[in-house]
Amino acid sequence: MPELPEVETVRRGLEPYVTGAHIDKVTLNRKDLRFPFPEGFKAALEGATIESTGRRAKYLLFRLSTGKTWLSHLGMTGAYRFEDFKFKEPSRYYEPDEDRKHDHLVLELTHPEHGSMKLIYNDARRFGFVDLYEHEADSPYLEGLGPEPLSNAFNAAEMAERFAGKKAPMKAALLDQRVVAGLGNIYVSEALHRAHIRPDIEARTLVLKSGKPSKRLEDLADGVRTVLIEAIDAGGSTLRDFRNAEGNSGYFQHRFAVYDRESEPCPTPGCRGVIKRIVQSGRSTFFCPVCQH
DNA sequence: CCACTAACCTGTAGGC
DNA sequence: TGCCTACAGGTTAGTG
């Protein structure tokens with residue numbers, strides 16, 4: 001499910017209901033997700049209040065009144081949902097899932113305005129995980145991440161530095177979280193199509209000799225930014241069963257230009273190409289062999 | 001340091 | 001209906 005736009009959609013869905021909520025009780029339905037729950041996780045959360053939410057790359061962050069930070073990664077299939085929660089507007093009332101066997105973490109919350117509710121983490125494949133820190137800066141997962149693609153720290157010149165000398169294909173370079181933080185398999189294909197760049201050329205070929213960015217790298221930075229912004233505006237993409245915490249699905253998948261569109265005509269105006277699927281480092285890449293070069 | 005593969009785990013879609 | 005295979009949004013450990 002979750003690349004940067006989906007994680008941001010989840011954060012925005014949780015934010016109004018968990019900010020200011022007191023954590024009354026935490027239940028762990030197993031001892032591990034991808035990794036064991038950290039030592040003292042339950043005890044650290046119980047009795048604390050969630051003061052704010054955040055996101056870095058694909059990591060969700062919950063800052064607690066105790067000063068500690070709870071980090072959550074959704075892996076491939078992780079999802080949060082609310083239960084026992086009465087929305088003020090009845091149309092947004094969420095019917096709980098019937099399949100609870102992958103409910104791994106349950107937080108019982110009391111919110112000053114919204115009352116009591118449960119926040120439940122469900123994750124079929126258990127590639128997700130949580131962690132806990134005295135200070136956010138202690139997180140090994142956040143260390144070494146590249147710039148947030150929607151911040152000023154991300155631009156073509158900055159990418160040029162990180163692409164310099166890289167023989168890896170563009171696809172792999174953009175998936176590398178140390179280069180840009182938050183892109184995944186879908187949005188890499190989409191961003192490269194927007195910039196008309198083939199996914200299988202070496203990353204270093206877009207850097208000029210002086211180390212300065214080329215026009216094509218400027219286009220790529222634009223492609224990354226615009227696709228992420230549009231996807232967030234659409235509430236993320238829904239493949240399989242992704243829902244945000246309010247039970248709504250995203251709509252961006254209807255706007256994929258190339259992802260999962262093998263054999264369909266290329267949507268670039270005037271282009272007569274047909275979308276092709278190739279496999280790079282074990283994962284599908286979709287692109288147009290005519291307008292991407 | 002770089003580049004690539006296998007592995008983690010479960011569910012689902014498609015072929016027969 | 002059932003059985004089998006391929007594949008799925010991510011990251012890490014291991015190899016060369």
Side-chain angles (χ1 to χ4, degrees), chain A residues 1-11 29-36 55-60 71-80 97-104 121-131 139-146 161-191 199-205 207 227-228 231-232 234-244 249-256 258-263 277-286:
Chain A
M1 152 188 42
E3 301 181 34
L4 188 154
E6 290 73 39
V7 177
E8 179 60 19
T9 297
V10 169
R11 191 198 68 76
N29 291 331
R30 50 181 299 132
K31 64 178 191 325
D32 59 4
L33 294 172
R34 180 184 182 121
F35 309 117
R55 180 192 55 75
R56 174 79 169 102
K58 302 169 192 170
Y59 297 94
L60 281 170
L71 170 148
S72 172
H73 192 287
L74 304 174
M76 294 275 250
T77 52
Y80 283 96
D97 271 342
E98 288 179 14
D99 180 4
R100 295 163 178 267
K101 84 178 143 180
H102 299 301
D103 287 354
H104 306 307
Y121 179 72
N122 181 289
D123 188 352
R125 292 176 77 179
R126 300 200 303 280
F127 287 174
F129 58 90
V130 297
D131 209 352
S139 173
Y141 300 107
L142 304 183
E143 196 181 298
L145 284 176
E161 276 179 42
R162 296 174 196 251
F163 280 175
K166 260 196 183 291
K167 297 186 74 169
M170 284 301 321
K171 166 77 183 300
L174 288 175
L175 277 179
D176 186 340
Q177 302 295 297
R178 297 168 301 182
V179 173
V180 195
L183 291 179
N185 209 41
I186 292 176
Y187 295 106
V188 164
S189 279
E190 294 296 314
D200 53 358
I201 63 170
E202 292 180 357
R204 62 180 180 177
T205 59
V207 181
V227 75
L228 294 178
I232 291 171
S237 302
T238 300
L239 275 59
R240 294 168 192 77
D241 57 357
F242 168 65
R243 298 291 163 107
N244 71 11
S249 48
Y251 294 96
F252 193 74
Q253 68 278 9
H254 303 300
R255 293 208 247 147
F256 290 162
V258 292
Y259 185 82
D260 207 16
R261 294 198 185 284
E262 185 178 20
S263 303
R277 172 184 181 269
I278 59 173
V279 175
Q280 293 180 288
S281 41
R283 317 189 77 88
S284 292
T285 303
F286 299 88

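Treat the numbers as computed from the prediction; the structure is a model and nothing was measured. Chain letters run A, B, ... following the sequence lines, proteins first and then strands; every chain starts at 1.
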Got a list of protein N/O to nucleotides 3-6 of chain B N/O distances below 3.5 Å?
| unit_1 | atom_1 | unit_2 | atom_2 | d |
| --- | --- | --- | --- | --- |
| B:dA3 | OP1 | A:K167 | N | 2.7 |
| B:dA3 | OP1 | A:A168 | N | 3.0 |

Checklist outcome for this item: Residue set satisfying salt bridge (charged side-chain N to carboxylate O under 4.0 Å, His left out) with A:R11, at least two apart, ordered chain then number -> A:E8

Checklist entry - In which ranges does DNA chain C form stems of 3 or more consecutive Watson-Crick or G-U pairs, distances under 3.5 Å? => result B:2-8 with C:10-16, B:10-16 with C:2-8

Item to check | Residues that A:P199 engages under side chain to side chain contact (heavy atoms under 4.5 Å, CB included), provided they are two or more places apart | outcome: A:K171, A:L192, A:I278, A:Q280, A:T285, A:F287, A:Q292

Checklist entry - Counting just side-chain N and O atoms, does A:K101 come under 4.0 Å of either OP1 or OP2 of B:dG11? => result yes

Next on the checklist: Give me the distance, rounded to whole Å, that separates C:dC3 from B:dC9 when you measure between the P atoms they each carry.
Outcome noted: 24 Å

Checklist entry - For A:F256 and A:V227, what are the C-alpha separation, side-chain angles and deciding distance, and is it a side chain to side chain contact (heavy atoms under 4.5 Å, CB included)? => result CA-CA 10 Å; A:F256 290 162; A:V227 75; over 6 Å; no

Checklist entry - Taking only residues two or more places apart in sequence or in another chain, which ones pass side chain to side chain donor-acceptor pair (under 3.5 Å) with A:Y59? => result none

Checklist entry - Taking OP1 and OP2 of B:dC9, is either one under 4.0 Å from a side-chain nitrogen or oxygen of A:H102? => result no

Checklist outcome for this item: Across all chains, not counting sequence neighbours, the salt bridge (charged side-chain N to carboxylate O under 4.0 Å, His left out) partners of A:R30 are A:D32

Item to check | Residue-phosphate contact under 4.0 Å: A:S284 side-chain N/O, C:dA8 OP1/OP2 | outcome: yes

Checklist entry - Can you check whether A:R126 has a side-chain N or O nearer than 4.0 Å to OP1 or OP2 of B:dC8? => result no

Checklist entry - Given C:dG10, is OP1 or OP2 found less than 4.0 Å from the side-chain N or O atoms of A:H73? => result no

Item to check | Out of C:dA8, C:dG9, C:dT11, whichever nucleotide has its closest atom nearest the side chain of A:R277 | outcome: C:dA8

Item to check | Set of residues satisfying salt bridge (charged side-chain N to carboxylate O under 4.0 Å, His left out) with respect to A:R34, sequence neighbours excluded | outcome: none

Item to check | Nearest-angstrom distance, P atom, B:dG14 to C:dG9 | outcome: 16 Å

Checklist entry - When only distance counts, do a donor and an acceptor, one from the side chain of A:R125 and one from the base of C:dA8, lie under 3.5 Å apart? => result yes

Next on the checklist: My understanding is that only residues two or more places apart in sequence, or in another chain, count here; which of them pass side chain to side chain donor-acceptor pair (under 3.5 Å) with A:E262?
Outcome noted: none

Next on the checklist: For A:R178 and A:R283, find the nucleotide of DNA chain B closest to each by heavy atoms; which residue's nucleotide sits nearer the 5' end?
Outcome noted: A:R178

Item to check | Side chain of A:Y141 - closest among C:dA8, C:dT11, C:dT12 | outcome: C:dT12

Next on the checklist: Going by the rule side chain to side chain donor-acceptor pair (under 3.5 Å), which residues pair with A:T205 if we only count those two or more places apart in sequence or in a different chain?
Outcome noted: none

Protein-nucleic acid N or O pairs under 3.5 Å, nucleotides 14-16 of chain C:
none

Item to check | By side chain to side chain donor-acceptor pair (under 3.5 Å) - contacts of A:Q177 (at least two apart) | outcome: none

Checklist entry - Where the side chain of A:A124 is defined as all heavy atoms beyond and including C-beta, which of C:dT12, C:dG10, B:dG11 is the nearest nucleotide? => result B:dG11

Checklist entry - Residues two or more places apart in sequence or in another chain: which of them pass ring pair (Phe, Tyr, Trp, His ring centres under 6.0 Å) with A:F129? => result A:F35, A:H73, A:Y141

